[in-house]
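Following: one structure in structure tokens, then a few remarks.
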Amino acid sequence: MFRISSLPLGSLFSCALATALLVPAASVSAKDLRLLYTFQNAKDGDVPHAGLVRDNAGNFYGATYYGGAYANGNGTVFKLAPDGTKTLLHSFSGGADGEMPSAPLLVDKAGNLYGTTQEGGQVGGCNGFGCGVVFAMARWHGDGTLHVYGWQ
């Protein structure tokens, strides 16, 4: 016979907490979901798992881990306008500008973007792939020009 009183207090609390976290606070139906953009192919961007940031004009910015203009598909930075128009701002080459951005971007008050990549930069370190870069993308460039700060 199973008796709740025989469980340690910590186990009982843990079970109650797990149950509370698994029960949704409010259900969301398909009609409440609004699709903003669907990636079309690898050149468009692939695996957007870093999240989005929003600027003061209502534009969203994000990064994809793979995809882009280069054959190896080293990732992208993109802009999504309020009307749903997506603009590819930068395709990572996998070299000095880095590759595989996976953390959310940051945007400052002036609209400049900042981010990091997992690999790329100075070749030689980190098993020959480069140890990654920190990059800044100035709002006024708009042509994908990055300022890259790498380390080894």
Side-chain angles (χ1 to χ4, degrees), residues 10 13-15 17-152:
F13 177 75
S14 296
C15 290
L17 180 61
T19 302
L21 292 175
L22 293 175
V23 175
S27 63
V28 177
S29 69
K31 68 180 179 178
D32 297 327
L33 179 70
R34 181 173 166 227
L35 185 64
L36 299 177
Y37 185 78
T38 300
F39 289 90
Q40 307 299 312
N41 54 50
K43 290 198 179 287
D44 188 35
D46 193 12
V47 189
H49 67 85
L52 297 171
V53 293
R54 186 172 177 226
D55 69 9
N56 293 334
N59 298 302
F60 289 103
Y61 297 88
T64 63
Y65 192 73
Y66 296 120
Y70 295 96
N72 291 337
N74 300 306
T76 68
V77 175
F78 64 89
K79 171 185 169 182
L80 188 60
D83 67 1
T85 304
K86 182 196 159 262
T87 304
L88 183 65
L89 299 176
H90 184 75
S91 288
F92 290 94
S93 69
D97 67 337
E99 64 182 292
M100 295 186 244
S102 60
L105 300 172
L106 298 174
V107 61
D108 66 14
K109 290 179 183 179
N112 301 309
L113 296 173
Y114 302 88
T116 59
T117 65
Q118 285 189 357
E119 294 181 0
Q122 289 185 329
V123 178
C126 300
N127 298 321
F129 297 108
C131 298
V133 301
V134 175
F135 64 87
M137 181 179 281
R139 178 181 186 181
W140 56 86
H141 285 156
D143 62 357
T145 303
L146 289 182
H147 300 282
V148 177
Y149 309 93
W151 63 87
Q152 192 168 9

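Sequential numbering from 1 along the given sequence is applied to the chain's residues.
Looking only at side-chain heavy atoms (C-beta outward), His90 and Asp97 come within less than 4.5 Å of each other. Looking at Asn59 and Val107, their side chains never come closer than 4.5 Å, going by heavy atoms from C-beta outward. With a 4.5 Å cut-off on side-chain heavy atoms, Val77 and Phe92 count as touching.
Identified under the salt bridge (charged side-chain N to carboxylate O under 4.0 Å, His left out) test for residues 70-85, with sequence neighbours left out: none.
Rounding to the nearest 0.5 Å gives a distance of 8.0 Å between OG1 of Thr85 and CG of Leu80. Taking OH from Tyr61 and OG1 from Thr87, the interatomic distance works out to 9.0 Å, rounded to the nearest 0.5 Å. Rounded to the nearest 0.5 angstrom, Thr38 OG1 and Lys86 NZ are separated by 11.5 Å. Between atom CG of residue Asp55 and atom CG of residue Asn112 there is a gap of 11.0 Å, rounded to the nearest 0.5 Å.
Between Gly68 and Thr76 the shortest heavy-atom distance is CA-CG2, 3.4 Å. Of all heavy-atom pairs spanning Asp46 and Thr64, the tightest one is O-CB, 3.3 Å. Of all non-hydrogen atoms in Ala57 and Pro82, the two that sit nearest each other are O-CG, 3.9 Å. The heavy-atom pair separating Ala103 from Ala50 by the smallest distance is O-CB, 3.5 Å. Scanning both residues, Gly121 and Val133, for their nearest heavy atoms gives CA-CG1, 3.5 Å.
Checked against ring-ring contact (aromatic ring centres under 6.0 Å, His included), Tyr66 has no partners two or more places apart in sequence or in another chain. By the side-chain contact (heavy atoms from CB on, under 4.5 Å) test, Lys43 pairs with Asn41, sequence neighbours left out. In this structure Tyr37 satisfies the side chain to side chain donor-acceptor pair (under 3.5 Å) test together with Asp44, sequence neighbours excluded. The side chain to side chain donor-acceptor pair (under 3.5 Å) test applied to Gln118 returns Tyr65, Ser102, not counting sequence neighbours. Checked against side-chain contact (heavy atoms from CB on, under 4.5 Å), Leu52 has the following partners two or more places apart in sequence or in another chain: Phe60, Phe78.
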Q: Kindly determine whether Val134 and Thr116 satisfy side-chain contact (heavy atoms from CB on, under 4.5 Å), including the steps that lead there.
A: CA-CA 4 Å; Val134 175; Thr116 59; 4.1 Å; yes
Q. Would Thr117 and Asn74 satisfy side-chain contact (heavy atoms from CB on, under 4.5 Å), going step by step from the backbone distance to the final call?
A. CA-CA 10 Å; Thr117 65; Asn74 300 306; over 6 Å; no
